[in-house]
Amino acid sequence: MKTEFGWIEIGGTRYDHDIVIHTDGKVSKRKKKLSKPYAGEYGHTPLAAEELAFLENERPVVVYIGTGQEGDLPLTPDAITLLEAYAPVVKPTPDLLLLLEREQRKYAAVLHVTC
């Protein structure tokens, strides 16, 4: 895994957008539109609970939230509350890569690739 501003590489595939790593290892594009209504309040599209609804079906043990290259992705209070049930690890995206590579538990991750 590698990342720099604006991209992340997972399993040899480069993504030029935010991603979600699901518990089965599949990667999908982050559904930022679900959090867009909160952008005015935060000055940036935050991560809101609406984007994390998939966790209820996947039931990971731990959830990793990559807050961007500089760690500037805000989380809404409802997202923080929802994440408390999943042993969240919230760090700048580059700081999570080694943790993700070593993780043995069932996990999900939302990784922001800018800011």
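One-based numbering along the sequence shown. Everything numeric here is computed off the predicted structure, so don't read it as measured data.
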Are L111 and W7 grouped together when hydrophobic residues (ILVMFWY) are joined by side-chain heavy atoms under 4.5 angstrom apart?
no

Measure from the side-chain N and O atoms of E101 to the backbone N and O of M1, and report whether any donor-acceptor pair falls under 3.5 Å.
yes

Mind checking whether Y107 and I19 sit in one hydrophobic cluster, side chains of I, L, V, M, F, W, Y counted as touching below 4.5 Å?
yes

Test salt bridge (Lys or Arg N to Asp or Glu O under 4.0 Å) applied to K2 - qualifying residues, sequence neighbours left out:
E9

Just jot down the ring pair (Phe, Tyr, Trp, His ring centres under 6.0 Å) partners of F5, sequence neighbours excluded, or say none.
none

Please check if V20 and Y15 belong to a single hydrophobic cluster, counting links between Ile, Leu, Val, Met, Phe, Trp and Tyr side chain heavy atoms closer than 4.5 Å.
no

Would you be so kind as to tabulate the donor-acceptor pairs closer than 3.5 Å made by side chains of residues 67-76, with sequence neighbours excluded?
residue: T67; atom: OG1; partner: K91; partner atom: O; Å: 3.2
residue: Q69; atom: NE2; partner: T3; partner atom: OG1; Å: 2.9
residue: Q69; atom: NE2; partner: V113; partner atom: O; Å: 3.4
residue: T76; atom: OG1; partner: L47; partner atom: O; Å: 3.4
residue: T76; atom: OG1; partner: D78; partner atom: OD1; Å: 2.2
residue: T76; atom: OG1; partner: A79; partner atom: N; Å: 3.3

Would you mind reporting whether T93 and I8 have side-chain heavy atoms less than 4.5 Å apart?
yes

How would you list, by chain and number, every residue that makes a salt bridge (Lys or Arg N to Asp or Glu O under 4.0 Å) with R14, sequence neighbours excluded?
D16

Examine distances only and state if a side-chain atom of T45 and a backbone atom of S35 form a donor-acceptor pair shorter than 3.5 Å.
no

How does the hydrophobic cluster around Y42 look, that is, which other residues are in it when side-chain heavy atoms under 4.5 Å mark a link?
Y38

Can you find a heavy atom in the side chain of R30 that is under 4.5 Å from one in the side chain of H112?
yes

Linking I/L/V/M/F/W/Y whenever their side-chain heavy atoms sit closer than 4.5 Å, directly or via other members, would I21 and V89 fall into one cluster?
yes

Check: residues 54-66 side-chain donor-acceptor pairs under 3.5 Å, at least two apart:
residue: E58; atom: OE1; partner: T23; partner atom: N; Å: 2.9
residue: E58; atom: OE1; partner: T23; partner atom: OG1; Å: 3.3
residue: E58; atom: OE2; partner: H22; partner atom: ND1; Å: 2.6
residue: R59; atom: NH1; partner: Y86; partner atom: OH; Å: 3.1
residue: Y64; atom: OH; partner: E103; partner atom: OE1; Å: 2.4

Nearest 0.5 Å, what's the CZ-CG distance between R102 and L97?
12.0 Å

Hphob cluster co-occupancy, V90 + L52, side-chain heavy atoms under 4.5 angstrom:
yes

